[in-house]
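These numbers come from the heavy atoms of this one structure, side chains and all, not from hydrogens, waters or symmetry mates.
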Amino acid sequence: HTPAEAWNRAGATKALVLDIREPDELALGTVPGSRKIVRGFLELRIEDEVADKNTPLLVICAGGVRSLFAAEALRNLGYMQATSIAGGFNAWKREGLPVETPSSGLSPVELERYSRHLLIPEIGEEGQKRLLKSTVLLVGAGGLGAPAAFYLAAAGVGRLILVDDDVVDRSNLQRQILHSERTLGRPKVESARETLLALNPGI
């Protein structure tokens, strides 16, 4: 189907537009009323999203290639009315068809940084927003606290509080990955803060 044919069919027959693009692509806009399943999870999640295999499915991606393969995969799963939208969302926009612009609450930088989290159904956009609003208190910025803080910062935990009254010693550097030769003699909390903000300035 061309985008115009797909839009007319969706309105006339209640066919479902299935958007299989990545979260960063969805941020550019979506077809009104479409369902979203990232291509990598399509076979795993389609039966939860669309139980009736007789539902007409109009599959859309960015340029029309992924949707061709996705529609074929869906037909192999028994969704015999699955077809691809030619030219994808790029053609959809060029033809001036209706577009919804999602307000995710995540900035473009955050959408890019956390894109792999957004692909995980158990986290997704809502989970990432909750991480960004969360606070974790870490007692100790040494052998265990250092890698824990590093991963929490990378994951986007919005506020980290570190408690440690020690200073950085050269013997720490073998395992305490937040610190370096440059921070020898400095309080571990200062060294840790500097390293974590260099990794993720948004926390």
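- Within a 6.0 Å sphere centred on CZ of R75, heavy atoms belonging to other residues, nucleotides or ligands number more than 12.
- Heavy atoms only, all atoms of each residue included: T183 and S191 are closest at OG1-OG, 3.1 Å.
- Note: the hydrophobic cluster containing I20 does not contain F69 (ILVMFWY, side chain heavy atoms under 4.5 Å, direct or indirect links).
- Atom CD of E125 sits about 14.0 Å away from atom NE2 of H117, to the nearest 0.5 Å.
- Atom CZ of R159 has 12 or fewer heavy atoms from other residues, nucleotides or ligands within 6.0 Å.
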Could you go step by step and tell me if V59 and T83 meet the side-chain contact (heavy atoms from CB on, under 4.5 Å) rule?
CA-CA 6 Å; V59 187; T83 58; over 6 Å; no
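- Annotation for R45: atom CZ counts as buried by contact number, over 12 foreign heavy atoms lying within 6.0 Å.
- The local environment of CG in L199 is crowded, with over 12 non-hydrogen atoms from other residues, nucleotides or ligands closer than 6.0 Å.
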Please assess R39 against E43 for the test salt bridge (charged side-chain N to carboxylate O under 4.0 Å, His left out), listing each intermediate value before the final yes or no.
CA-CA 8 Å; R39 176 63 189 97; E43 287 86 349; 2.9 Å; yes
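- Nearest heavy atom pair, residue P3 against residue G88, reads CG-O, 4.4 Å.
- When each of D19, I46, V50 is checked for a side-chain contact (heavy atoms from CB on, under 4.5 Å) with R35, only V50 meets the rule.
- Surrounding CG of D165 are at most 12 heavy atoms belonging to other residues, nucleotides or ligands under 6.0 Å away.
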Go through the steps to decide whether L42 and L18 satisfy the test side-chain contact (heavy atoms from CB on, under 4.5 Å), and finish with yes or no.
CA-CA 10 Å; L42 182 61; L18 189 62; 3.8 Å; yes
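- Remark: the Q176 side chain and the K188 side chain contain an N/O donor-acceptor pair separated by less than 3.5 Å.
- Not a single donor-acceptor pair under 3.5 Å links the side chain of Q81 to the backbone N or O of T55.
- At least one donor-acceptor pair closer than 3.5 Å links the side chain of T13 to the backbone N or O of R9.
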So Y114 and L132, side-chain contact (heavy atoms from CB on, under 4.5 Å) or not? Walk me through it.
CA-CA 11 Å; Y114 305 117; L132 289 164; 3.9 Å; yes
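- A donor and an acceptor atom, one from each side chain of K36 and S34, are located under 3.5 Å apart.
- Once rounded to the nearest 0.5 Å, the distance linking CG of L57 with CG of L74 reads 6.0 Å.
- The nearest pair of heavy atoms linking D164 to G142 is OD2-N, 4.1 Å.
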